[in-house]
Engineer: 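Below is the structure I would like to discuss, written out as structure tokens.
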Amino acid sequence: MASSSSESEYVTLVSGDGFEYIIPRSTACVSGTIRRMLEHSSKFSEGLTGRCVLENISGIVLEKVCEYFCYNEKNKNQTNVPDMDIPPELCLELLMAADYLDT
């Protein structure tokens, strides 16, 4: 029997420093890495629990990543979408997170 959280439309993303963000599963699956972690057929526990611990991403960076996922979902079929506000001090960490998350 499948866990009820595997059927949930929401997932929990947890940063390396313990911050948790609950976002829609479809929104989180913008990330190829997260999508593969959550697949029911995968051997990862995340597929059963709906909880992805991202040890190498800090809370402040994961918050911005989640903001991007939601921004992307909201604006995916629109044109002339303004750029998100990205603090310059987070740019390098966000690029590394985007690479890791296959986003």
Side-chain angles (χ1 to χ4, degrees):
M1 182 170 147
S3 168
S4 62
S5 60
S6 67
E7 303 300 321
S8 174
E9 67 179 285
Y10 293 94
V11 296
T12 303
L13 304 181
V14 184
S15 67
D17 50 356
F19 290 90
E20 297 186 6
Y21 303 92
I22 300 170
I23 62 173
R25 181 179 293 263
S26 61
T27 302
C29 286
V30 166
S31 160
T33 302
I34 294 172
R35 183 174 53 251
R36 287 185 293 277
M37 291 168 81
L38 293 172
E39 286 177 348
H40 297 293
S41 61
S42 76
K43 295 177 182 167
F44 300 116
S45 64
E46 292 86 353
L48 296 174
T49 64
R51 180 179 173 88
C52 300
V53 179
L54 304 163
E55 290 289 337
N56 57 343
I57 300 178
S58 70
I60 194 163
V61 171
L62 187 55
E63 179 178 13
K64 201 54 133 169
V65 166
C66 291
E67 183 182 330
Y68 165 74
F69 288 164
C70 294
Y71 188 82
N72 181 67
E73 183 80 10
K74 176 183 171 189
N75 296 299
K76 66 181 171 187
N77 295 321
Q78 297 183 25
T79 56
N80 300 321
V81 176
D83 291 335
M84 276 183 55
D85 181 37
I86 309 261
E89 63 272 13
L90 291 182
C91 286
L92 180 59
E93 287 182 87
L94 283 168
L95 281 171
M96 293 186 326
D99 182 56
Y100 172 72
L101 294 171
D102 189 20
T103 302

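When a residue number appears, it is its place in the shown sequence, counting from 1. Hydrogens, waters and symmetry mates are skipped; everything else that's a heavy atom, side chains included, is used.
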Engineer: E67 vs K64, test: salt bridge (Lys or Arg N to Asp or Glu O under 4.0 Å). Steps then yes/no.
Structural biologist: CA-CA 5 Å; E67 183 182 330; K64 201 54 133 169; 3.3 Å; yes

Engineer: Would you indicate whether L90, at its atom CG, is surrounded by more than 12 heavy atoms from other residues, nucleotides or ligands within a distance under 6.0 Å?
Structural biologist: yes

Engineer: Calculate, to the nearest 0.5 Å, the distance between atoms SG and CD1 belonging to C52 and I34 respectively.
Structural biologist: 5.5 Å

Engineer: Identify which one of I22, V65, L62 satisfies the side chain to side chain contact (heavy atoms under 4.5 Å, CB included) criterion when paired with L13.
Structural biologist: L62

Engineer: By side-chain contact (heavy atoms from CB on, under 4.5 Å), which residues pair with Y71, not counting sequence neighbours?
Structural biologist: N75, V81, P82, M84

Engineer: Which atom names give the shortest non-hydrogen contact between G59 and D17, and what distance separates them?
Structural biologist: N-OD1, 2.8 Å

Engineer: Linking I/L/V/M/F/W/Y whenever any side-chain heavy atoms sit under 4.5 Å apart, do I86 and I57 land together?
Structural biologist: yes

Engineer: Rounded to the nearest 0.5 Å, what separation is found between the CG atom of L101 and the CG atom of D99?
Structural biologist: 9.0 Å

Engineer: Nearest heavy-atom pair of E93 and S58: which atoms, and what distance?
Structural biologist: OE1-OG, 4.0 Å

Engineer: Which other residues end up in the same hydrophobic cluster as V14, if Ile, Leu, Val, Met, Phe, Trp and Tyr are linked when side-chain heavy atoms come under 4.5 Å apart?
Structural biologist: V53

Engineer: When rounded to the nearest 0.5 angstrom, what is the spacing between CZ in R36 and SG in C29?
Structural biologist: 10.5 Å

Engineer: Going from OG on S8 to CZ on R51, what distance comes out if it is rounded to the nearest 0.5 angstrom?
Structural biologist: 13.0 Å

Engineer: Are Y100 and Y68 connected, step by step, through hydrophobic side chains (Ile, Leu, Val, Met, Phe, Trp, Tyr) whose heavy atoms are closer than 4.5 Å?
Structural biologist: yes

Engineer: Give me the atom names and distance for the closest heavy-atom approach of Y21 to E63.
Structural biologist: OH-CB, 3.4 Å

Engineer: Indicate yes or no for a side-chain donor-acceptor contact from T27 to the backbone of E73 under 3.5 Å, with no hydrogens or angles considered.
Structural biologist: no

Engineer: Would you say Y10's side chain and G50's backbone share a donor-acceptor pair under 3.5 angstrom?
Structural biologist: no

